[in-house]
J.: 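I'd like to ask you about the structure that follows.
Throughout, a chain's letter reflects where its sequence line sits, starting with A, and its residues are numbered from 1.
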Amino acid sequence: DTAVSQTPKYLVTQMGNDKSIKCEQNLGHDTMYWYKQDSKKFLKIMFSYNNKELIINETVPNRFSPKSPDKAHLNLHINSLELGDSAVYFCASSPPGVANTEAFFGQGTRLTVV
Amino acid sequence: GNSVTQMEGPVTLSEEAFLTINCTYTATGYPSLFWYVQYPGEGLQLLLKATKADDKGSNKGFEATYRKETTSFHLEKGSVQVSDSAVYFCALQQGGSEKLVFGKGTKLTVNP
């Protein structure tokens with residue numbers, strides 16, 4: 001059973017398009033995240049949701065809109081894709097409690113904008 | 001703000017060599033510290049963690065000690081294997097926040 005699963009694994013699209021990445025976790029966690037990993041492997045948080053409520057929004061362009069229909073899902077919709085959006089996007093989740101919590105990551109979605 | 005600095009890679013070692021990957025942090029208060037590992041084509045996995053000063057985290061032969069006086073959390077392994085080839089990320093989590101702040105990652109390649 002995959003704990004945190006995201007689809008698709010690879011996504012190639014043209015500039016200006018709108019695309020979505022889906023994420024689901026079956027761990028019963030309350031908190032879910034989106035992280036972006038750039039070409040140099042630098043990993044940075046984009047969003048955090050706790051039980052469907054936005055907690056963290058790290059100065060991400062408003063072309064990026066997360067949506068959490070329930071606490072097991074956190075999807076990422078991106079409008080008007082730009083070349084600089086090319087990266088690997090990781091979904092993650094963590095159990096309740098704020099301190100010392102391990103985050104469980106999905107396998108990543110490699111987005112290539114051409 | 002909070003930040004993590006880890007040694008630039010890539011690091012290339014022969015099997016059974018000793019590994020050190022340096023990590024220092026800047027944070028207010030007493031963050032929790034983590035090492036995550038990313039194997040090729042996979043997501044990140046927690047390798048080890050430490051939640052207070054002088055704690056030692058250990059797993060799979062890797063260990064790191066939370067040093068508050070030097071604000072460091074260096075990763076070590078006495079004898080690396082080919083299967084340890086991966087990217088290693090040092091991270092901190094500030095008390096009161098669920099956000100993980102990552103270093104830039106260090107790619108390790110172990111040759112037979």
Side-chain angles (χ1 to χ4, degrees), chain A residues 2-7 9-10 21 23-25 27 29-51 53-60 71 74 87-110, chain B residues 1-11 21 23 27-53 55 57 59 66 73 85-109:
Chain A
T2 304
V4 180
S5 59
Q6 48 184 114
T7 55
K9 191 170 182 180
Y10 299 97
I21 306 172
C23 179
E24 176 182 6
Q25 54 95 4
L27 297 167
H29 292 166
D30 285 347
T31 307
M32 295 186 71
Y33 313 82
W34 278 106
Y35 283 84
K36 179 180 179 181
Q37 185 177 45
D38 64 23
S39 58
K40 297 183 178 178
K41 298 286 188 183
F42 187 47
L43 198 65
K44 189 171 180 185
I45 192 168
M46 300 173 69
F47 300 103
S48 164
Y49 268 72
N50 185 283
N51 205 5
E53 184 180 339
L54 179 65
I55 303 298
I56 296 172
N57 181 340
E58 287 282 311
T59 60
V60 177
K71 75 173 193 178
L74 180 62
V88 181
Y89 293 84
F90 286 99
C91 178
S93 70
S94 63
V98 174
N100 318 322
T101 50
E102 174 184 355
F104 293 78
F105 285 79
Q107 290 199 318
T109 296
R110 182 176 294 277
Chain B
N2 299 334
S3 66
V4 175
T5 302
Q6 59 182 106
M7 65 186 283
E8 295 283 333
V11 173
I21 301 178
C23 171
T28 54
Y30 303 93
S32 295
L33 301 174
F34 304 81
W35 277 100
Y36 279 81
V37 58
Q38 184 180 24
Y39 297 104
E42 298 185 12
L44 279 74
Q45 305 171 26
L46 179 66
L47 181 60
L48 54 85
K49 70 179 183 183
T51 59
K52 60 184 188 296
D55 266 3
N59 185 25
Y66 189 145
F73 193 55
S85 297
V87 181
Y88 292 81
F89 292 89
C90 185
L92 71 81
Q93 185 182 54
Q94 187 70 56
S97 171
E98 293 157 320
K99 181 173 79 171
L100 282 164
V101 176
F102 286 92
K104 292 190 175 182
T106 302
K107 183 176 182 180
L108 169 67
T109 301

J.: Please confirm whether the backbone N or O of B:P31 pairs with a side-chain atom of B:Y66, one donor and one acceptor, at under 3.5 Å?
T.: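 Between the backbone of B:P31 and the side chain of B:Y66 there is a qualifying donor-acceptor contact (under 3.5 Å).
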J.: Side chain to side chain contact (heavy atoms under 4.5 Å, CB included) for B:V4 and B:F34? Distances and angles first, verdict last.
T.: CA-CA 11 Å; B:V4 175; B:F34 304 81; over 6 Å; no
J.: Can you list the residues of residues 36-45 of chain B that sit under 4.5 Å from chain A, counting heavy atoms only?
T.: B:Y36, B:Q38, B:G41, B:E42, B:G43, B:L44
J.: Sort A:L43 into side chain, backbone, both or neither according to what part of it lies under 4.5 angstrom from a heavy atom of chain B.
T.: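 For A:L43, the contact with chain B is made by backbone and side chain together.
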J.: So for A:K40, is it side chain, backbone, both, or neither that comes closer than 4.5 Å to the heavy atoms of chain B?
T.: backbone
J.: Counting neighbours of NZ on A:K71 that are heavy atoms of other residues, nucleotides or ligands and sit closer than 6.0 Å, is the number greater than 12?
T.: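 Yes, the 6.0 Å shell around NZ holds more than 12 heavy atoms from other groups.
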J.: Is there a side-chain contact between B:Y88 and B:V11 (heavy atoms, below 4.5 Å)?
T.: no
J.: Using every non-hydrogen atom in the two residues, find where A:C23 and A:V4 come nearest and quote the distance to one decimal.
T.: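 Heavy atoms of A:C23 and A:V4 come nearest at SG-CG1, 3.8 Å.
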J.: Pick one of side chain, backbone, both or neither for A:D38, based on which atoms fall under 4.5 Å of a heavy atom in chain B.
T.: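 A:D38 has no heavy atom closer than 4.5 Å to chain B.
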J.: State whether A:F42 and B:K104 meet the cation-pi test: NZ (Lys) or CZ (Arg) under 6.0 Å from the six-membered ring centroid, and within 45° of the perpendicular axis.
T.: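 The answer is yes, since B:K104 meets both limits relative to A:F42.
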J.: Just so I understand: if I count every heavy-atom pair under 4.5 Å between each of A:Q6, A:K9, A:K44, A:E58 and chain B, which residue has the most?
T.: A:E58
J.: If you count heavy-atom pairs under 4.5 Å between each of A:A103, A:S48, A:C91, A:A92 and chain B, which one has the most?
T.: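 When all of A:A103, A:S48, A:C91, A:A92 are compared, A:A103 has the most.
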J.: Parallel, tilted or perpendicular: which describes the rings of A:H29 and A:F104, with under 30° parallel and over 60° perpendicular?
T.: tilted
J.: Quick one: which of A:L74, A:I55, A:I45 gives a side-chain contact (heavy atoms from CB on, under 4.5 Å) with A:Y33?
T.: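 Of the listed residues A:L74, A:I55, A:I45, the side-chain contact (heavy atoms from CB on, under 4.5 Å) partner of A:Y33 is A:I45.
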